[in-house]
Every structure is written in C-alpha cells, then in structure tokens.
Amino acid sequence: MSKLEQILVLDPPNDLKFKGPFTDVVTANLKLKNPSDKRVCFKVKTTAPRRYCVRPNSGIIEPGATLVISVMLQPFDYDPNEKSKHKFMVQTIFAPANTTDMEIMWKDAKPDELMDSKLRCVFELPSENDKVNDVDSVSKSVPVLNSSKVDGPMAAKSASAALDDSEMKKIAEECKRLQTEVSKLNDENRQLKDEGLRLRKFQRSDYASSNSSSAMSRESKAGSLPSLLVVIAAIFIGFFLGKFVL
C-alpha cells in the first residue's frame with residue numbers, strides 16, 4: 001500500500017527560516033492547519049534536538065483548526081560559510097477513537113497509517129537594508145507632537161527616550177530603594193549618637209557624685225580636727241588652773 005499524503009497544511013511548507021544575529025534565541029513559527037473533518041495527531045522531530053526547543057512538540061489538532069508551533073533556535077557561533085544541515089519532520093496520524101495514551105498510540109501505529117512532511121532550516125543574517133527598515137519602523141512607532149518644530153536630533157532623542165523608558169523606571173525604583181536604606185541608616189546613626197550622649201552624661205554625673213562625696217569627707221575630717229584641739233586645750237587649762245588654786 002502506498003504511503004498516505006500529508007493531511008495537514010504547513011506554513012511555511014518547505015523551509016524554516018531563522019534570521020540572525022544568533023547571539024540570542026531566534027524563533028520561527030510553523031502553522032499547522034487541519035482542513036479535514038477528522039482529528040489529527042501530530043509530532044515534531046528534528047535532526048538536532050539539542051539546538052532547538054519546540055513548543056508544543058506534539059498534540060491533537062481538531063477538524064478545521066490551526067495550531068502555531070514555536071521553533072526556538074538556541075544561541076550559537078554562526079559561520080556564514082557553513083551550510084545548515086538541520087531538518088525537521090512533522091509526523092501525523094488520524095486520531096483513533098477514544099485516544100487516551102498518545103505514547104502507546106504512536107508506538108502501535110502502522111507505517112501505512114503515518115503521514116509526514118519535511119522542512120529544512122535556513123539561517124540568514126540581516127542585510128543593511130533590513131537594518132535601515134528596522135530603524136525606520138522604530139522611529140515611526142514613536143509618537144511625534146508638532147513634527148514641524150522637531151528636527152532630526154530631537155526626533156532621535158525622543159525615540160531613544162521612549163526606548164529607554166523601562167530602564168529609567170528601573171533606575172528610579174532602585175534610587176528610591178537606596179534612599180529608603182540611607183534614611184534607615186541615618187535614623188540608626190542618630191539613635192547611636194543619642195545613646196552615646198546619654199551614657200556620657202550618666203558617667204559625668206557619677207563622677208561628680210563621687211567627687212562631691214570625697215570633698216564632704218575631707219571637710220568633715222577638717223572640721224573635727226579643730227574641735228578636738230579645743231577640747232584638749234580646755235583640759236590642760238583646767239589642769240593647770242586646778243594646781244594653781246591648790
């Protein structure tokens with residue numbers, strides 16, 4: 001029995017084009033359309049599974065429905081002299097009734113029930129014209145007020161400001177956070193200074209109290225000394241007077 005013809009309509013039908021630079025993830029979309037009145041199971045395979053991420057890579061497409069598949073090429077060092085040998089294959093089968101386990105279904109599928117389509121990967125670098133068109137599209141997307149008064153440098157500055165708006169918001173949020181931290185540190189520093197002044201005042205008061213006690217002790221000793229002399233002198237005077245009278 002001859003092999004079944006692919007029931008799904010693929011867009012693009014033959015090539016998956018990835019446009020560089022390839023320093024970041026590059027995504028190509030593949031549309032799968034089911035024009036039949038039956039449910040169709042699909043599975044996407046590639047010859048370089050470590051280089052690509054496919055979402056979704058399998059599933060079921062309802063009758064008349066269209067599904068968009070994202071094929072993401074991982075970053076790599078691009079060599080324009082090296083031709084791409086990467087290929088993809090979209091394998092399909094009509095969904096059996098009461099399908100529950102897709103893995104078993106694919107495992108038990110007969111070769112004459114399977115349909116497939118193959119696509120090759122094409123890598124392209126943006127040309128100078130593409131770069132100019134990209135710049136023009138960015139400048140057109142930026143709203144211009146009273147364009148008759150806005151010259152070239154000012155328009156470029158407005159476009160740059162619009163593009164950097166998200167970065168400015170991030171910087172402003174970071175500045176607010178840093179200001180809050182500085183305010184907290186100032187409050188803590190002020191509290192530490194107040195605590196230090198309080199401790200110094202307390203130490204001074206203790207020192208003054210101890211000096212006052214010492215002075216009072218010395219004064220009391222000094223005051224008691226004359227009193228003692230007076231008593232001794234009175235005793236001697238009385239003694240001599242008594243002898244003289246006798």
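Computation of the quantities below employed the complete heavy-atom set of this structure, encompassing side-chain atoms and omitting hydrogens, waters and symmetry-equivalent molecules.
With sequence neighbours left out, the salt bridge (Lys or Arg N to Asp or Glu O under 4.0 Å) criterion links Asp15 to Arg120. For Phe76, the ring-ring contact (aromatic ring centres under 6.0 Å, His included) criterion is met by Phe22, Phe123, not counting sequence neighbours. Residues that satisfy the salt bridge (Lys or Arg N to Asp or Glu O under 4.0 Å) test with Asp187, not counting sequence neighbours, are Arg190. With sequence neighbours left out, Glu82 forms a salt bridge (Lys or Arg N to Asp or Glu O under 4.0 Å) with no residue at all. Listed by chain and number, the residues in a side-chain hydrogen bond (donor to acceptor under 3.5 Å, both in side chains) with Ser36 are Asn34 (sequence neighbours excluded).
By the criterion of side-chain heavy atoms lying less than 4.5 angstrom apart, applied directly or through intervening Ile, Leu, Val, Met, Phe, Trp or Tyr residues, Phe18 is grouped together with Leu125 in one hydrophobic cluster. Under the 4.5 Å side-chain heavy-atom criterion for ILVMFWY residues, no single connected hydrophobic cluster contains both Val122 and Leu30. Linking Ile, Leu, Val, Met, Phe, Trp and Tyr residues whenever their side-chain heavy atoms come within less than 4.5 Å places Phe94 and Val90 in a single cluster. If you chain together hydrophobic residues whose side chains sit under 4.5 Å apart, Met72 and Leu67 never meet in one group.
Legend: salt bridge (charged side-chain N to carboxylate O under 4.0 Å, His left out) pairs involving residues 88-97, not counting sequence neighbours: none detected. Among residue pairs with one or both ends in residues 23-51, none qualify as ring-ring contact (aromatic ring centres under 6.0 Å, His included); sequence neighbours excluded. Sorted by first then second residue, the side chain to side chain donor-acceptor pair (under 3.5 Å) pairs that include residues 47-67, not counting sequence neighbours, are Arg39-Glu62, Tyr52-His86. Residue pairs meeting the salt bridge (charged side-chain N to carboxylate O under 4.0 Å, His left out) criterion with at least one partner in residues 91-100, sequence neighbours excluded, do not occur; the list is empty.
Residues Asp112 and Leu4 have side chains not in contact (no heavy-atom distance under 4.5 Å, counting atoms from C-beta outward). The side-chain heavy atoms of Thr23 and Pro75, taken from C-beta on, include no pair separated by under 4.5 Å. At least one side-chain heavy atom of Leu8 sits less than 4.5 Å from a side-chain heavy atom of Leu32. Side chains of Val25 and Cys53 form no contact here, defined as non-hydrogen atoms less than 4.5 Å apart.
Judged by distance alone, the side chain of Thr46 and the main-chain N or O of Lys87 form a donor-acceptor pair under 3.5 Å. Looking at Thr27, its side chain never comes within 3.5 Å of a backbone N or O of Ser70 through a donor-acceptor pair.
Here the NZ atom belonging to Lys118 is positioned 10.0 Å from the CD atom belonging to Gln91, to the nearest 0.5 angstrom. Separation of atoms NZ (Lys38) and CD1 (Ile61) is listed at 15.5 Å; rounding is to 0.5 Å. Interatomic distance, NZ of Lys85 versus SG of Cys121, reported as 14.0 Å (0.5 Å rounding). Considering OG1 of Thr92 and CD1 of Ile7, their distance stands at 8.0 Å, rounded to 0.5 Å. Atoms CD and CG, from Gln74 and Asp24 in turn, are 9.5 Å apart once rounded to the nearest 0.5 Å. For the atom pair OG of Ser84 and NZ of Lys17, the computed distance is 13.0 Å after rounding to the nearest 0.5 Å.
Between Lys110 and Glu113 no salt bridge is recorded (no basic side-chain N to carboxylate O distance below 4.0 Å).
Annotation for Lys43: atom NZ counts as buried by contact number, over 12 foreign heavy atoms lying within 6.0 Å. Surrounding CG of Asp194 are more than 12 heavy atoms belonging to other residues, nucleotides or ligands, all under 6.0 Å away.
Clustering of Ile, Leu, Val, Met, Phe, Trp and Tyr by side-chain heavy atoms under 4.5 Å joins Ile93 with Ile60, Met102, Met105, Trp106, Leu114. In the hydrophobic clustering, where aliphatic and aromatic side chains (Ile, Leu, Val, Met, Phe, Trp, Tyr) are joined below 4.5 Å either directly or transitively, Leu197 stands alone. Other residues sharing a hydrophobic cluster with Leu199 under the 4.5 Å side-chain heavy-atom criterion for ILVMFWY residues do not exist; the residue is a singleton.
Taking every heavy atom of both residues into account, Leu16 and Ala28 meet most closely at CD2-CB, 4.3 Å. Of all the heavy atoms in Ile69 and Val44, the pair that sits closest is CD1-CG2, 3.8 Å. Closest heavy-atom contact between Val71 and Phe88: CG1-CZ, 3.5 Å.
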Using side chain to side chain contact (heavy atoms under 4.5 Å, CB included), reason through Asn29 and Val68 one step at a time and then give a plain yes or no. CA-CA 6 Å; Asn29 291 328; Val68 177; 4.1 Å; yes

